[in-house]
Amino acid sequence: MQSRLHQIGALFLGVVLAMGVLTPPSTAQVLYGSLTGVVTDQTGATVPGAEVTATNTLTGRVATTSTDAEGRYSFVNIQAGLYDIKVAADGFRTLTQTGTTVSVSKWRVDLSLELGQVTES
């Protein structure tokens, strides 16, 4: 009887170990990505201090940042999806780019502003 229990126990242990070895490892579901880029003018010069707004078209969630001294902007850990990106800076026309896809990895969108009237948007 005891031998039979050892056989059943060994079989059970073998099945459990096999399941652990044969089961693929689980991966975490990633829902966030990054959106980065550089804002320049028509001549290619960078535009520091521009306000960049990214709006998720599905959720309506809005994220805002400003470009640094080299015209760079960055949104980290934003939900993957479609975004409308708006850039505004003094002396330039406001630029809106629609339908930008942000995936679960980094996404780069460089934007170029046109000179405009201060009151023009």
Taking all non-hydrogen atoms of both residues, which atom of [X] and which atom of [Y] are closest, and how far apart?
| X | Y | value |
| --- | --- | --- |
| L35 | A54 | CD2-CB, 4.2 Å |
| V104 | A80 | CG1-CB, 4.2 Å |
| E70 | D68 | N-OD1, 2.9 Å |
| T55 | G60 | CG2-O, 4.2 Å |
| L58 | N56 | N-OD1, 2.8 Å |
| A50 | V39 | CB-CG1, 4.4 Å |

Can you find a pair of side-chain heavy atoms, one from I85 and one from V52, that are under 4.5 Å apart?
yes
So, do L111 and Y73 sit near enough that their side-chain heavy atoms are less than 4.5 Å apart?
yes
Taking [Y] as the starting point, is it possible to reach [X] by hopping between hydrophobic residues whose side chains are less than 4.5 Å apart?
| X | Y | result |
| --- | --- | --- |
| V38 | V87 | no |
| V62 | Y83 | no |
| L82 | L31 | no |

How long is the span from the CG atom in L115 to the CZ atom in F92, to the nearest 0.5 Å?
5.0 Å
The reported gap from CD in Q97 to CG in D84 (rounded to nearest 0.5 angstrom) is 9.5 Å
Given 3.5 Å as the limit, does a donor-acceptor pair link the side chain of [X] with the main chain of [Y], or not?
| X | Y | result |
| --- | --- | --- |
| T67 | G49 | yes |
| N77 | G33 | no |
| D41 | L113 | no |

Take T36 and R72, measure what side chain to side chain contact (heavy atoms under 4.5 Å, CB included) needs, and give me the verdict at the end.
CA-CA 7 Å; T36 62; R72 296 180 302 234; over 6 Å; no
